[in-house]
Amino acid sequence: MNSTTNDSVEPLRAFVAQCHQAMAEHADEAAQLAAIKPALKTLLAQPDWLPASHMKPRDDRYAQYPLYVAADNSLSVVSFVWKSGQWTPIHDHTVWGIIGVYKGVERTEVYEERDGAMVCTRTIDGQPGEVGAVSPSIGDVHKVGNVSDDTAISIHVYGGNIGLIERHVFEQDGTPKSFVSGYEPAPVLVPAA
Ligand code: FE2
(Lines give C-alpha, C1' and ligand atoms only; values in the text may rest on other atoms or scores of the structure.)
Protein backbone atom coordinates (compact mmCIF):
# COMPACT_ATOMS: atom_id res chain seq x y z
CA MET A 1 0.00 0.00 0.00
CA ASN A 2 1.54 3.33 -0.96
CA SER A 3 1.52 6.50 1.11
CA THR A 4 -1.15 8.21 -1.02
CA THR A 5 -3.58 5.41 -0.23
CA ASN A 6 -2.67 5.60 3.44
CA ASP A 7 -3.30 9.34 3.50
CA SER A 8 -6.59 9.12 1.66
CA VAL A 9 -8.14 6.63 4.07
CA GLU A 10 -6.96 8.47 7.18
CA PRO A 11 -10.47 9.75 8.06
CA LEU A 12 -11.76 6.16 7.87
CA ARG A 13 -8.83 4.88 9.91
CA ALA A 14 -9.52 7.50 12.61
CA PHE A 15 -13.21 6.56 12.64
CA VAL A 16 -12.43 2.85 13.07
CA ALA A 17 -10.17 3.72 16.03
CA GLN A 18 -12.98 5.79 17.58
CA CYS A 19 -15.40 2.86 17.20
CA HIS A 20 -13.02 0.46 18.91
CA GLN A 21 -12.42 2.99 21.66
CA ALA A 22 -16.17 3.46 22.22
CA MET A 23 -16.68 -0.30 22.41
CA ALA A 24 -13.78 -0.69 24.85
CA GLU A 25 -14.98 2.15 27.08
CA HIS A 26 -18.71 1.36 27.14
CA ALA A 27 -20.26 -1.99 27.87
CA ASP A 28 -23.84 -1.09 27.04
CA GLU A 29 -25.18 -0.62 23.55
CA ALA A 30 -26.83 2.77 24.11
CA ALA A 31 -23.56 4.32 25.25
CA GLN A 32 -21.69 2.77 22.32
CA LEU A 33 -24.23 4.16 19.85
CA ALA A 34 -24.12 7.58 21.51
CA ALA A 35 -20.34 7.68 21.13
CA ILE A 36 -20.15 6.31 17.57
CA LYS A 37 -22.95 8.40 16.01
CA PRO A 38 -21.10 11.76 16.24
CA ALA A 39 -17.89 10.08 15.05
CA LEU A 40 -19.75 8.84 11.96
CA LYS A 41 -21.12 12.34 11.34
CA THR A 42 -17.56 13.65 11.38
CA LEU A 43 -16.52 10.99 8.85
CA LEU A 44 -19.47 11.81 6.58
CA ALA A 45 -18.55 15.49 6.60
CA GLN A 46 -15.11 14.80 5.15
CA PRO A 47 -14.71 14.58 1.36
CA ASP A 48 -12.60 12.35 -0.87
CA TRP A 49 -11.71 9.51 1.52
CA LEU A 50 -13.95 6.90 -0.13
CA PRO A 51 -12.25 5.54 -3.27
CA ALA A 52 -14.11 5.05 -6.55
CA SER A 53 -13.72 1.27 -6.16
CA HIS A 54 -16.10 1.38 -3.17
CA MET A 55 -18.62 3.79 -4.74
CA LYS A 56 -19.48 1.69 -7.82
CA PRO A 57 -23.18 0.90 -8.26
CA ARG A 58 -24.41 -2.41 -9.68
CA ASP A 59 -27.14 -2.62 -12.29
CA ASP A 60 -28.92 -5.62 -10.77
CA ARG A 61 -29.13 -4.58 -7.09
CA TYR A 62 -27.55 -2.33 -4.47
CA ALA A 63 -23.86 -2.97 -3.73
CA GLN A 64 -22.24 -3.59 -0.34
CA TYR A 65 -18.46 -3.02 -0.07
CA PRO A 66 -16.35 -3.88 2.98
CA LEU A 67 -14.34 -0.93 4.31
CA TYR A 68 -13.19 -2.50 7.56
CA VAL A 69 -13.77 -5.80 9.38
CA ALA A 70 -12.32 -6.34 12.87
CA ALA A 71 -10.15 -9.43 13.30
CA ASP A 72 -12.55 -10.78 15.95
CA ASN A 73 -15.64 -9.92 13.86
CA SER A 74 -16.88 -7.50 16.56
CA LEU A 75 -17.15 -4.55 14.16
CA SER A 76 -17.60 -3.89 10.46
CA VAL A 77 -17.82 -0.73 8.35
CA VAL A 78 -19.47 -0.99 4.94
CA SER A 79 -20.33 1.33 2.04
CA PHE A 80 -23.73 0.75 0.45
CA VAL A 81 -24.18 2.06 -3.07
CA TRP A 82 -27.62 2.39 -4.63
CA LYS A 83 -28.75 3.37 -8.08
CA SER A 84 -31.88 5.46 -8.12
CA GLY A 85 -34.85 3.26 -7.23
CA GLN A 86 -32.89 0.29 -5.81
CA TRP A 87 -34.24 -1.13 -2.52
CA THR A 88 -33.41 -3.83 0.00
CA PRO A 89 -36.08 -6.34 0.97
CA ILE A 90 -37.55 -6.04 4.48
CA HIS A 91 -34.74 -7.39 6.69
CA ASP A 92 -33.20 -7.51 10.16
CA HIS A 93 -29.60 -7.29 11.39
CA THR A 94 -29.47 -9.10 14.78
CA VAL A 95 -26.69 -6.72 15.91
CA TRP A 96 -26.65 -2.95 16.35
CA GLY A 97 -26.07 -0.86 13.27
CA ILE A 98 -25.53 2.84 12.60
CA ILE A 99 -26.37 4.15 9.15
CA GLY A 100 -25.10 7.46 7.81
CA VAL A 101 -25.94 9.03 4.47
CA TYR A 102 -22.89 10.14 2.47
CA LYS A 103 -24.54 11.13 -0.80
CA GLY A 104 -28.10 11.25 -2.14
CA VAL A 105 -31.30 10.60 -0.19
CA GLU A 106 -31.85 7.22 1.44
CA ARG A 107 -35.38 6.29 2.52
CA THR A 108 -35.84 3.97 5.50
CA GLU A 109 -39.18 2.28 6.12
CA VAL A 110 -39.41 0.81 9.63
CA TYR A 111 -41.53 -2.37 9.87
CA GLU A 112 -43.37 -4.27 12.60
CA GLU A 113 -45.30 -7.50 12.31
CA ARG A 114 -48.95 -7.03 13.25
CA ASP A 115 -51.48 -9.85 12.95
CA GLY A 116 -49.57 -11.71 10.28
CA ALA A 117 -48.64 -8.72 8.15
CA MET A 118 -45.55 -6.55 7.96
CA VAL A 119 -46.68 -2.97 8.58
CA CYS A 120 -44.59 0.12 7.88
CA THR A 121 -44.75 2.23 11.04
CA ARG A 122 -42.36 5.02 10.13
CA THR A 123 -40.66 6.45 7.05
CA ILE A 124 -37.45 8.47 7.36
CA ASP A 125 -35.69 10.25 4.50
CA GLY A 126 -32.00 10.48 5.38
CA GLN A 127 -30.16 13.43 3.88
CA PRO A 128 -26.35 13.60 3.50
CA GLY A 129 -24.73 13.83 6.94
CA GLU A 130 -27.69 12.34 8.82
CA VAL A 131 -27.37 9.15 10.86
CA GLY A 132 -29.82 6.62 12.28
CA ALA A 133 -29.57 3.36 14.21
CA VAL A 134 -31.06 -0.14 14.33
CA SER A 135 -30.72 -2.99 16.81
CA PRO A 136 -32.83 -5.77 18.29
CA SER A 137 -33.44 -3.55 21.36
CA ILE A 138 -34.50 -0.34 19.56
CA GLY A 139 -36.08 -1.75 16.37
CA ASP A 140 -34.25 -3.99 13.95
CA VAL A 141 -36.53 -4.49 10.96
CA HIS A 142 -36.56 -2.13 8.01
CA LYS A 143 -36.36 -1.70 4.27
CA VAL A 144 -34.02 0.87 2.71
CA GLY A 145 -33.83 2.39 -0.72
CA ASN A 146 -32.57 5.27 -2.84
CA VAL A 147 -35.31 7.81 -3.56
CA SER A 148 -32.99 10.36 -5.14
CA ASP A 149 -32.45 10.70 -8.88
CA ASP A 150 -28.73 9.96 -8.71
CA THR A 151 -26.60 7.28 -7.08
CA ALA A 152 -26.84 7.29 -3.28
CA ILE A 153 -24.10 6.14 -0.93
CA SER A 154 -24.36 5.39 2.77
CA ILE A 155 -21.81 4.29 5.33
CA HIS A 156 -22.96 1.59 7.77
CA VAL A 157 -21.30 0.46 10.97
CA TYR A 158 -22.28 -2.78 12.73
CA GLY A 159 -21.50 -4.43 16.03
CA GLY A 160 -20.48 -7.60 14.20
CA ASN A 161 -19.25 -8.74 10.78
CA ILE A 162 -22.50 -8.00 8.95
CA GLY A 163 -21.42 -9.82 5.79
CA LEU A 164 -21.14 -13.14 7.66
CA ILE A 165 -24.08 -12.94 10.08
CA GLU A 166 -27.05 -15.21 9.44
CA ARG A 167 -30.12 -12.96 9.60
CA HIS A 168 -33.52 -12.66 7.93
CA VAL A 169 -35.55 -11.17 5.15
CA PHE A 170 -39.32 -11.08 5.62
CA GLU A 171 -42.21 -11.72 3.26
CA GLN A 172 -45.11 -9.25 3.44
CA ASP A 173 -46.97 -11.77 5.66
CA GLY A 174 -44.07 -11.82 8.15
CA THR A 175 -42.57 -15.15 7.06
CA PRO A 176 -38.82 -14.98 7.75
CA LYS A 177 -36.17 -16.46 5.47
CA SER A 178 -32.53 -16.79 6.56
CA PHE A 179 -29.84 -15.05 4.54
CA VAL A 180 -26.17 -14.09 4.72
CA SER A 181 -25.43 -10.96 2.73
CA GLY A 182 -21.72 -11.32 2.00
CA TYR A 183 -19.82 -8.42 0.40
CA GLU A 184 -18.86 -7.32 -3.07
CA PRO A 185 -15.42 -8.69 -4.00
CA ALA A 186 -13.36 -5.67 -2.94
CA PRO A 187 -10.46 -5.24 -0.54
CA VAL A 188 -11.01 -3.72 2.88
CA LEU A 189 -9.49 -0.23 3.12
CA VAL A 190 -8.24 -0.38 6.70
CA PRO A 191 -6.40 -3.54 7.82
CA ALA A 192 -8.07 -5.62 10.54
CA ALA A 193 -7.23 -4.68 14.12
FE1 FE2 B 1 -30.55 -2.66 7.12
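Indexing begins at 1, ligand by ligand and atom by atom, following the structure's order. Remember, it's a predicted structure, so these values are computed and weren't measured experimentally. For reference, positions follow the sequence shown, starting with 1.
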Between Asp125 and Arg107, does at least one N-O distance fall below 4.0 Å, as a salt bridge requires?
-> yes
Trp82 vs His156 aromatic rings, parallel, tilted or perpendicular, using cut-offs 30° and 60°?
-> tilted
Any side-chain heavy atom of Tyr111 sitting closer than 4.5 Å to one from Ile90?
-> yes
For the Fe ion (ligand 1), every protein N/O/S atom that sits closer than 2.8 Å, waters excluded = His91 NE2, His93 NE2, His142 NE2
Pair His168, His91: side-chain N/O donor-acceptor within cut-off below 3.5 Å = no
Plane angle bin for Tyr158 and His93 - parallel if under 30°, tilted between 30 and 60°, otherwise perpendicular | parallel
Going by the salt bridge (Lys or Arg N to Asp or Glu O under 4.0 Å) test, which pairs reach into residues 58-74, not counting sequence neighbours?
-> Arg58-Asp60, Arg58-Glu184, Asp59-Lys83, Arg61-Glu184
